[in-house]
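Everything numeric here is computed off the predicted structure, so don't read it as measured data.
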Amino acid sequence: QVQLVESGGGLVQAGGSLRLSCLASGRTFSTYAMGWFRQAPGQEREFVAVINGSGGRTRYVDSVKGRFTISRDNAKNTVYLQMNSLKAEDTAVYYCAADRSQLMTGFSRNYGTWGQGTQVTVSS
């Protein structure tokens, strides 16, 4: 079982960029699909993006397509979320999560391991 630690959040102006990182422990990182979710105050956790174990397949929620890019470096046990053209509505706590089944769904129940989250605040 992996353990996950996110970093890279912060305060940025609308139109700016941030790159989130999620470092995983363990030697089986490449066997997990890795997802990013976010949760804004008073709202349910929302799927953002997912990447399969090899890094060859990705999926995104429509609201971030063309702005966000998920990638991974299995040699570094790290998954990234590059966020460009940020909007105020992207403000949320961002979580990375691991899915051993590699179903690559947007359902949080399919992800068995979660990080602690990192805050992203976009000022308008």
Side-chain angles (χ1 to χ4, degrees):
Q1 179 124 355
V2 296
Q3 292 183 318
L4 306 173
V5 178
E6 302 98 333
S7 60
L11 174 64
V12 63
Q13 289 189 332
S17 299
L18 281 175
R19 188 177 80 157
L20 305 184
S21 300
C22 175
L23 177 64
S25 65
R27 293 180 288 182
T28 59
F29 179 66
S30 64
T31 66
Y32 290 82
M34 296 298 299
W36 284 97
F37 289 75
R38 64 186 180 187
Q39 188 166 20
Q43 297 187 20
E44 294 186 353
R45 193 166 295 188
E46 174 191 32
F47 166 75
V48 176
V50 61
I51 188 168
N52 73 332
S54 68
R57 289 192 300 141
T58 59
R59 284 183 58 210
Y60 298 90
V61 68
D62 286 347
S63 60
V64 308
K65 285 180 180 177
R67 299 189 299 122
F68 290 12
T69 302
I70 188 171
S71 62
R72 66 191 295 159
D73 185 338
N74 286 343
K76 295 182 178 179
N77 274 22
T78 302
V79 61
Y80 305 98
L81 186 67
Q82 177 67 44
M83 305 186 294
N84 299 328
S85 301
L86 282 161
K87 305 175 181 179
E89 51 262 44
D90 295 319
T91 294
V93 177
Y94 283 70
Y95 300 88
C96 69
D99 171 21
R100 188 65 182 268
S101 70
Q102 297 220 43
L103 291 175
M104 294 189 63
T105 74
F107 299 109
S108 58
R109 63 176 180 266
N110 289 125
Y111 295 78
T113 304
W114 293 79
Q116 82 290 349
T118 185
Q119 176 71 47
V120 171
T121 303
V122 184
S123 62
S124 57

Donor-acceptor contact present, side-chain [X] to main-chain [Y], <3.5 Å:
X    : Y    : result
Y111 : T105 : yes
Q39  : A92  : no
E6   : G117 : yes
R72  : A33  : no
N74  : G53  : yes
T113 : Q3   : no
T78  : K76  : yes
N77  : A24  : yes

Taking [Y] as the starting point, is it possible to reach [X] by hopping between hydrophobic residues whose side chains are less than 4.5 Å apart?
X   : Y    : answer
V79 : W114 : yes
V93 : I70  : yes
F47 : V120 : yes
I51 : M104 : yes
V61 : L18  : yes

(request) Show your reasoning for whether ring-ring contact (aromatic ring centres under 6.0 Å, His included) applies to F68 and W36. (result) CA-CA 11 Å; F68 290 12; W36 284 97; 10.0 Å; no
(request) Just do the side chain to side chain contact (heavy atoms under 4.5 Å, CB included) check on V12 and M83 with the steps written out, would you? (result) CA-CA 11 Å; V12 63; M83 305 186 294; over 6 Å; no
Measuring from atom [atom1] of [X] to atom [atom2] of [Y], what distance do you get when rounded to the nearest 0.5 angstrom?
X    : Y    : atom1 : atom2 : answer
F29  : C22  : CZ    : SG    : 7.0 Å
Q102 : R57  : CD    : CZ    : 8.0 Å
E44  : S108 : CD    : OG    : 9.0 Å

(message) Within 45 degrees of the ring normal and closer than 6.0 Å to the centroid, is that where the cationic atom of R45 sits relative to F37?
(response)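 No; the conditions do not both hold, so R45 does not lie above the ring face of F37.
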(message) If the test is side-chain contact (heavy atoms from CB on, under 4.5 Å), which one of T118, V64, L20 qualifies with R38?
(response)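 The passing option is V64.
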(request) Walk me through it: do D62 and K65 pass the test salt bridge (Lys or Arg N to Asp or Glu O under 4.0 Å)? (result) CA-CA 5 Å; D62 286 347; K65 285 180 180 177; 3.0 Å; yes
(message) Filter on salt bridge (charged side-chain N to carboxylate O under 4.0 Å, His left out), then keep only pairs touching residues 97-120, sequence neighbours left out; what's left?
(response)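 Qualifying pairs: none.
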